[in-house]
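Dropping the structure in here first, questions after.
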Amino acid sequence: MRIAVPNKGRLHDPSVELLERAGLHLVDGADRQLYAQTVDPDVTVLYARAADIPEYVADGAADVGITGLDQVREAGVDLVDLRDLDFGRCRLVLAAPEDDDSVTSVADFEGGRVATEFPNITRRFFEEQGVEVDIAEVSGATELTPHVDIADGIVDITSTGTTLRMNRLEIVAEVLQSSVRLFAREDTADAEKVQQVDMALGSVLSAEDKRYLMMNAPEEALDDVKEVLPGMGGPTVMDIAGSDDVAVHAVVEESAVFETINDLKSVGASDVLVTEIERLVE
Ligand SMILES: Nc1ncnc2c1ncn2[C@@H]1O[C@H](COP(=O)(O)OP(=O)(O)OP(=O)(O)O)[C@@H](O)[C@H]1O
Ligand SMILES: O=P(O)(O)OC[C@H]1O[C@H](OP(=O)(O)OP(=O)(O)O)[C@H](O)[C@@H]1O
Ligand SMILES: [Mg+2]
């Protein structure tokens, strides 16, 4: 099975890190190679540009791919969106110069010109809105084009909004919300290996916002301890040799840890350890 992974750009590092954390260690994963083997002899990584990954998966060069939803929509291929991997979160927006009052709505662009690295998404967006525009395809620095009379506005990626602000552009409309996903083809989505990879990636994401709590508690405090533990299922309780205390282990939402520890202390728990969880297969 072959996974297409961004070879460079901002998606490369987090994609590789996620695979590593999922246990799919790259054994000859030197950067900028075309292929890398993983610890699973049946799983190979194919490095490709984020923008080419949708085609690679659609054509069968890879079985699954990790890339942005924006790239899949732009490529216009029909892939199965298996899982949101929770990074590369951004929005594609239509934006225009702050000081240009002639383009403050989508309809204002009628007969105008829009510069973008995403011509297909942009064309579909304006078609759906029933607005006719010329599209100028550019390959970078899109934000400059309205200031040099190449376009009236742009369709481009924004996340923090810094780039738009720096270029004195304001958002006119949202075109697409994107994030990085695991994509498969219709005919690979149910394959056993694909499901295993999907589950492994999912187990990393599920573990991210959880913590593993370990503590000691007097046996008679056990009911109170259980009461204040909001965890998944019941806690694991173990005898401690030569002690009247028991050891209690539980998985707790990270957001609840602070409050839970205070509650645990007040019902008599001691020696509370909080650790991160690498993976959680539910
Ligand atoms: N500012 C951002 N915040 C969050 N995600 C982003 C941002 N910019 C881009 N992305 C996501 O990352 C994807 C790839 O962007 P990136 O800039 O790494 O690639 P690229 O510019 O095509 O790289 P290159 O041209 O160097 O191969 C985008 O399609 C989008 O899904
Ligand atoms: O809202 P912001 O946080 O400012 O992010 C938006 C910017 O991020 C991306 O560029 P990137 O940094 O990937 O540079 P690139 O143009 O070289 O791809 C995108 O093309 C925008 O220019
Ligand atoms: Mg970029």
Side-chain angles (χ1 to χ4, degrees), residues 3 10-11 13-26 38-40 43 64 66 69 80-91 159-161 177-184 189-190 192-282:
I3 311 176
R10 65 172 67 226
L11 302 186
D13 286 349
S15 302
V16 169
E17 195 197 308
L18 182 59
L19 289 173
E20 291 278 347
R21 289 169 65 198
L24 274 170
H25 306 288
L26 306 181
T38 71
V39 287
D40 184 330
V43 181
V64 293
I66 293 176
L69 176 66
V80 184
D81 182 343
L82 285 178
R83 186 181 293 274
D84 194 325
L85 300 178
D86 209 24
F87 64 95
R89 212 167 273 290
C90 58
R91 300 191 296 155
S159 57
T160 63
Q177 290 188 1
S178 182
S179 62
V180 171
R181 321 269 170 96
L182 179 69
F183 292 100
D190 295 327
E192 194 183 357
K193 237 348 156 214
V194 171
Q195 291 295 318
Q196 285 174 7
V197 167
D198 180 33
M199 187 180 73
L201 298 179
S203 72
V204 174
L205 302 173
S206 321
E208 234 156 33
D209 54 356
K210 307 234 172 34
R211 295 293 179 270
Y212 196 64
L213 258 54
M214 293 172 268
M215 72 212 75
N216 294 339
E219 196 152 14
E220 61 272 17
L222 197 52
D223 283 344
D224 292 339
V225 166
K226 283 181 179 166
E227 189 97 346
V228 299
L229 276 176
M232 313 167 33
T236 307
V237 180
M238 286 155 285
D239 289 331
I240 304 171
S243 165
D244 291 338
D245 277 5
V246 288
V248 181
H249 292 193
V251 176
V252 172
E253 293 285 339
E254 199 275 330
S255 58
V257 167
F258 181 81
E259 208 186 327
T260 304
I261 288 179
N262 294 330
D263 293 347
L264 287 168
K265 291 294 286 181
S266 66
V267 299
S270 60
D271 302 324
V272 184
L273 292 185
V274 184
T275 69
E276 295 195 348
I277 304 171
E278 230 169 279
R279 271 172 266 158
L280 191 104
V281 183
E282 286 171 87

Name all residues meeting the ring-ring contact (aromatic ring centres under 6.0 Å, His included) criterion together with H25; count only those two or more places apart in sequence or in a different chain, and write none if there are none.
none
Within the structure provided, determine whether I66 and L19 are in side-chain contact (heavy-atom separation under 4.5 Å).
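Yes - at least one pair of side-chain heavy atoms lies under 4.5 Å apart.
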Could you walk me through whether V237 and K226 satisfy the side chain to side chain contact (heavy atoms under 4.5 Å, CB included) test, starting with their C-alpha distance in whole Å, then the side-chain angles of each, then the deciding distance to 0.1 Å, before giving a yes or no?
CA-CA 10 Å; V237 180; K226 283 181 179 166; 4.3 Å; yes
Which pairs pass side-chain hydrogen bond (donor to acceptor under 3.5 Å, both in side chains) with one or both residues in residues 233-243, sequence neighbours excluded?
none
Go through D263 and V267 one step at a time and tell me if the side chain to side chain contact (heavy atoms under 4.5 Å, CB included) criterion holds.
CA-CA 6 Å; D263 293 347; V267 299; 5.9 Å; no
Correct closest heavy-atom pair for I240 and V246 would be CD1-C, 3.7 Å
Within this structure, what is the CD1-CG distance for the pair I3 and D40, rounded to the nearest 0.5 Å?
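Rounded to the nearest 0.5 Å, the CD1-CG separation comes to 9.0 Å.
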Inter- and intrachain pairs under salt bridge (Lys or Arg N to Asp or Glu O under 4.0 Å), touching residues 80-89, at least two apart:
D81-R181, R83-D198, D84-R89, D84-R181, D86-R89
Kindly write out the residues that satisfy ring-ring contact (aromatic ring centres under 6.0 Å, His included) with F87, not counting sequence neighbours, or none if the list is empty.
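ring-ring contact (aromatic ring centres under 6.0 Å, His included) list for F87, sorted by chain: empty.
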Set of residues satisfying side-chain hydrogen bond (donor to acceptor under 3.5 Å, both in side chains) with respect to T275, sequence neighbours excluded:
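side-chain hydrogen bond (donor to acceptor under 3.5 Å, both in side chains) check on T275 returns nothing, list empty.
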If you define the side chain from C-beta out and look only at heavy atoms, does anything of V43 sit under 4.5 Å from Q196?
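No, too far: nothing below the 4.5 Å cut-off.
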Inter-residue atom distance S159.OG - R91.CZ, 0.5 Å rounding
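Rounded to the nearest 0.5 Å, the OG-CZ separation comes out at 10.0 Å.
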Taking all non-hydrogen atoms of both residues into account, name the closest pair between V281 and S203 and its distance.
CG2-CB, 3.8 Å
Is it true that atom CD of E259 has more than 12 heavy atoms of other residues, nucleotides or ligands lying nearer than 6.0 Å?
no
Extract all donor-acceptor atom pairs below 3.5 Å that involve side chains of residues 213-225 and protein atoms in other chains or at least two apart in sequence.
unit_1, atom_1, unit_2, atom_2, d
N216, ND2, D271, OD2, 3.4

Considering non-hydrogen atoms only, spot the tightest contact between A269 and K265 and give its length.
O-CD, 3.7 Å
Closer than 3.5 angstrom, by distance alone: can the side chain of R279 be matched with the main-chain N or O of R21 as a donor-acceptor pair?
yes
Drop me the distance from L229's CG to H249's NE2, to the nearest 0.5 angstrom.
11.5 Å
What I'd like to find out is whether the side chain of V194 reaches to under 4.5 Å of the side chain of L82, using heavy atoms alone.
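Yes, at least one pair of side-chain atoms sits under 4.5 Å.
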E254 vs K210, test: side chain to side chain contact (heavy atoms under 4.5 Å, CB included). Steps then yes/no.
CA-CA 5 Å; E254 199 275 330; K210 307 234 172 34; over 6 Å; no
In terms of heavy-atom contacts, G23 and V39 come closest through O-CG2, 3.3 Å
Are there over 12 heavy-atom neighbours, none belonging to N262, within less than 6.0 Å of that residue's CG?
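More than 12 within 6.0 Å, yes.
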